[in-house]
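The structure under discussion appears below in the form of structure tokens.
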2 protein chains.
Amino acid sequence: MSRATLKDVAAHAGVSYQTVSNVLNDHRSVRPTTRERVIQSIRMLDYHPNQAAKALREARVTTLCCVFYGYHAEDIHDPYHNLIQSAFILEAYTHGYSMTTAFLDSKSPESLESFRQAFMQGRFGGVIVVITGDTLAAKQVQMFKEWGLPCVLFDNEPSSLGVSAVTADYTQGIFELVNHHVSKGRNRITLLIPKDDLASSAITRHNAYIKAVQSHNLPHHIVFGEWSFESGENAFYEVWNTEHRPDALLCANDRMAAGAILAARKLGVRVPEEIAISGFDDFEFARYTAPSLTTIRVPYDEMARQALRTLLGNLEDSHAPTQTTFLPVSLVVRESS
Amino acid sequence: MSRATLKDVAAHAGVSYQTVSNVLNDHRSVRPTTRERVIQSIRMLDYHPNQAAKALREARVTTLCCVFYGYHAEDIHDPYHNLIQSAFILEAYTHGYSMTTAFLDSKSPESLESFRQAFMQGRFGGVIVVITGDTLAAKQVQMFKEWGLPCVLFDNEPSSLGVSAVTADYTQGIFELVNHHVSKGRNRITLLIPKDDLASSAITRHNAYIKAVQSHNLPHHIVFGEWSFESGENAFYEVWNTEHRPDALLCANDRMAAGAILAARKLGVRVPEEIAISGFDDFEFARYTAPSLTTIRVPYDEMARQALRTLLGNLEDSHAPTQTTFLPVSLVVRESS
DNA sequence: CGAAGAGATTTGAACGTTCAACTATGTGTA
DNA sequence: TACACATAGTTGAACGTTCAAATCTCTTCG
């Protein structure tokens, strides 16, 4: 019933347990015939090396942790987290690692404490940090470094934190989007973006927008929301009834864009005839909206895989240089523009 | 730099390492003054018991695994998985357990093999299995039992598998929904539900629908889809142009209902005047649709917590009786009906 | 044919914890 | 005073693995 150990395999193959270990890690040379015999025994006894013992002896954990910051119950429906998390898990698997998840809130000291405890207990050996809209979180990342917890930032530029990061080329995406709207004859392009809680990825989009419209000698106009569907809906009502009524609304994510499209329909405003609306993410529901949503496809899955590989690199060589990777994004034109 | 161990604490407090262990597990009696001294030392040295060593000695893993079955890349956007997974993680945390995730496909032997390997390596000590639309998966659950892997089924009735399960009272939900439609004067109520890949939760909804309409002496009519938004859209086109044109379309999940609502709008069919449309789940986007969606709220988060507690119960006492828990659901009436 | 040296294999110790058995100390009872 | 006995604390072994050093077994060559 209980699982086979090194010694069981050794006894079965008629060698010492160290020889079995040598075969497994091909550490010291083993005679081919012996190796074959040991491998046979491993198969027959269905032996699998005990991870706990390995971790104890090697002082190396093969579990990683994905940290979601600024994660409230309402955010739970967001495909964003789901998508990247699955990508982490699958990529970790292929490298022989397990993946755990933690939800942190920079305003809750207890959540940080229980996280630290888990780390100190050796439950995971490295983290990928996903910060969405939690500006205080960056300080805690600094703390991770002090703890000696290897760390890679996801979808965030590390500024001066001194940690590696993987993100996408949002500047490129915004430029493509603005160019697209301009090419369709739009010249009153408004940006809808969250005001508070500006994660660095949002700051990047904000700055890129201003540069992009300026490059076409167009005025910039910004209206503020907060990432949610409802906020997109409200922002549309607000922006439609001002002197700045735009002919293109560039929403900083797909959810707000979906809200704006609904608001337009409720007001009887025709999209894209009277106003073009675009999103940012290219989640599944961008195809559901009526009209379907023009947006920027962000390769979150590829970014996640890259982040995981970067983290593994840091684990192997703790003095690896910190690096920031930018992945390209692409414009997806649909009916809404 | 390296972490404090039992011996470090013992040396600091001037006792033997076993005494420290006794304090931590209050196993043998320790004099209050000594206990206090040890606790002080633990604090000062920032000691945290090493999980790997604990797991090795106790042959007990404090990591659980959440298994998603029938999980294809396209399903990744589904709030369903996201929601329950977060609930698992949070509940596990409060009990001192970590949570991993695995994606299995009953048609892929490799995925099963690498999963088994992870289990044999002692990466997790129990699983919660989430099967959506993978009829072969049930056989693999049987296999888990043979491996000695404690297991709880989520959102699925175990039929004769002999494992515990947590699900919701879908029969109640369907009855409430049908009664609601009837109370609004509807008498041609059609069900939209997947045909193949019938997870037991879908079978339950299917049977409940037939009983419910029969209880009102109404005819039953069923049209088949496959859980997705697109399938809901197509099903609406199909059902609208038949002799069986319904005045209420009861969709087996929210996504199909959202698709149906879009299709109705595209055809210029007024909802709910000409036809009522209802969903099942009550995910966030049920509020996004135009009109907003009448649906059944399924307490997935509470179900997840319950499933995790059931699993922990099985772990503590491996001879605990298998039990199936049904949680109540509730009708949420919105504009679409 | 004996010694050197490489190759193959074994033994001992350690990782940090818990369990079992053992020793030392104090407390009440005959 | 001597004894039993609970209480407090200690030491030794084990969990399953890897690393370091030690031993054994061949070749190969002077």
Side-chain angles (χ1 to χ4, degrees), chain A residues 1-39 41-42 45-63 96 117-125 316, chain B residues 1-39 41-42 45-63 96 117-123 125:
Chain A
M1 187 55 228
S2 75
R3 289 168 218 186
T5 73
L6 265 189
K7 283 181 183 158
D8 297 331
V9 175
H12 187 270
V15 294
S16 81
Y17 58 92
Q18 183 55 250
T19 301
V20 180
S21 175
N22 287 339
V23 168
L24 286 168
N25 306 307
D26 45 276
H27 211 231
R28 310 221 170 284
S29 46
V30 177
R31 202 180 326 180
T33 59
T34 323
R35 153 169 276 116
E36 196 48 49
R37 203 147 37 97
V38 169
I39 289 178
S41 299
I42 289 176
L45 297 183
D46 193 26
Y47 166 78
H48 297 267
N50 180 309
Q51 281 303 311
K54 242 181 148 86
L56 176 59
R57 181 61 235 237
E58 294 183 318
R60 191 181 78 95
V61 195
T62 54
T63 301
Q117 199 171 315
F119 167 59
M120 294 298 280
Q121 290 177 351
R123 285 183 180 276
F124 47 82
E316 310 265 303
Chain B
M1 187 55 227
S2 75
R3 288 167 219 186
T5 71
L6 265 188
K7 283 182 184 158
D8 297 331
V9 175
H12 187 270
V15 293
S16 81
Y17 59 91
Q18 183 56 246
T19 302
V20 180
S21 175
N22 286 340
V23 169
L24 286 167
N25 307 308
D26 46 273
H27 212 230
R28 309 221 170 285
S29 47
V30 177
R31 203 182 324 181
T33 60
T34 325
R35 152 170 275 115
E36 196 49 49
R37 203 149 35 95
V38 169
I39 290 178
S41 299
I42 287 175
L45 296 183
D46 192 28
Y47 166 78
H48 297 266
N50 180 309
Q51 281 303 311
K54 239 182 150 85
L56 176 58
R57 181 63 236 233
E58 293 184 319
R60 191 180 78 96
V61 195
T62 54
T63 300
Q117 198 171 317
F119 167 59
M120 295 297 280
Q121 290 177 348
R123 286 182 179 276

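Side-chain atoms are counted along with the backbone in the values below, which use heavy atoms only and exclude waters and symmetry mates.
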**Item:** Rounded distance (Å) that lies between atom P of D:dG16 and atom CZ of A:Arg3
**Value:** 11 Å
**Request:** Send over the distance from B:Asp26 CG to D:dG9 C1', rounded to a whole Å.
**Result:** 16 Å
**Request:** Nearest whole angstrom, please: distance from the P of C:dC22 to the CG of B:Asn22.
**Result:** 17 Å
**Item:** Approximate separation, where rounding is to 0.5 Å, of B:Asp46 CG and B:Ser41 OG
**Value:** 13.0 Å
**Prompt:** Would you say C:dG12 has OP1 or OP2 under 4.0 Å from some side-chain N or O of A:Tyr17?
**Reply:** no
**Prompt:** Which nucleotide in the set D:dG9, D:dG16, C:dG16 lies at the smallest distance from any side-chain heavy atom of A:Ala53?
**Reply:** D:dG16
**Message:** From the set D:dG12, C:dA8, D:dG16, return the single nucleotide nearest to any side-chain atom of A:Arg31.
**Reply:** C:dA8
**Worked check of side chain to side chain contact (heavy atoms under 4.5 Å, CB included) between A:Lys54 and A:Gln51** = CA-CA 5 Å; A:Lys54 242 181 148 86; A:Gln51 281 303 311; 3.8 Å; yes
**d(CD, B:Glu36; C1', D:dA8) in whole Å** = 17 Å
**Asked** OP1, OP2 of C:dA8 versus side-chain N and O of A:Thr34: anything below 4.0 Å?
**Response** no
**Asked** Hey, is the side chain of B:Asn50 poking within less than 4.0 Å of OP1 or OP2 on C:dC15, counting only N and O atoms?
**Response** no
**Prompt:** With a non-hydrogen cut-off below 4.0 angstrom, is B:Thr19 in contact with a base, only sugar-phosphate, or nothing?
**Reply:** base
**Request:** Could you pull out the closest heavy-atom pair between A:Phe119 and B:Arg3, with the gap in Å?
**Result:** O-NH1, 2.9 Å
**Complete:** Of B:Gly14 and A:His48, the one whose closest nucleotide on DNA chain D sits nearer the 5' end is B:Gly14
**Asked** About how many Å separate CZ of B:Arg35 and CG of B:Leu24, when rounded to the nearest 0.5 Å?
**Response** 9.5 Å
**Request:** Give the rounded distance in Å between these two atoms: CZ of B:Arg60 and P of C:dT17.
**Result:** 15 Å
**Item:** Qualifying residue for side-chain contact (heavy atoms from CB on, under 4.5 Å) with B:Leu6, from B:Ile42, B:Asn50, B:Val20
**Value:** B:Val20
**Message:** Tell me the interatomic distance from B:Lys7, atom NZ, to D:dG12, atom P, rounded to whole angstroms.
**Reply:** 11 Å
**Message:** Rounded to whole Å, please give me the gap between CD in A:Gln51 and P in D:dC15.
**Reply:** 19 Å
**Prompt:** For B:Asp8 and C:dT17, what is the distance between atoms CG and C1' respectively, to the nearest whole Å?
**Reply:** 13 Å
**Request:** Using a cut-off of strictly less than 4.0 Å, decide whether A:Asn25 has a side-chain nitrogen or oxygen near OP1 or OP2 of D:dT18.
**Result:** yes
**Request:** Select base, sugar-phosphate, or nothing to describe what A:Ser16 touches, counting heavy atoms under 4.0 Å on all strands.
**Result:** base
**From D:dG9, C:dT18, D:dT17, nucleotide with atom closest to A:Arg57 side chain** = D:dT17
**Request:** Could you tell me whether the phosphate oxygens of D:dT18, OP1 or OP2, come under 4.0 Å of any side-chain nitrogen or oxygen in A:Lys54?
**Result:** yes
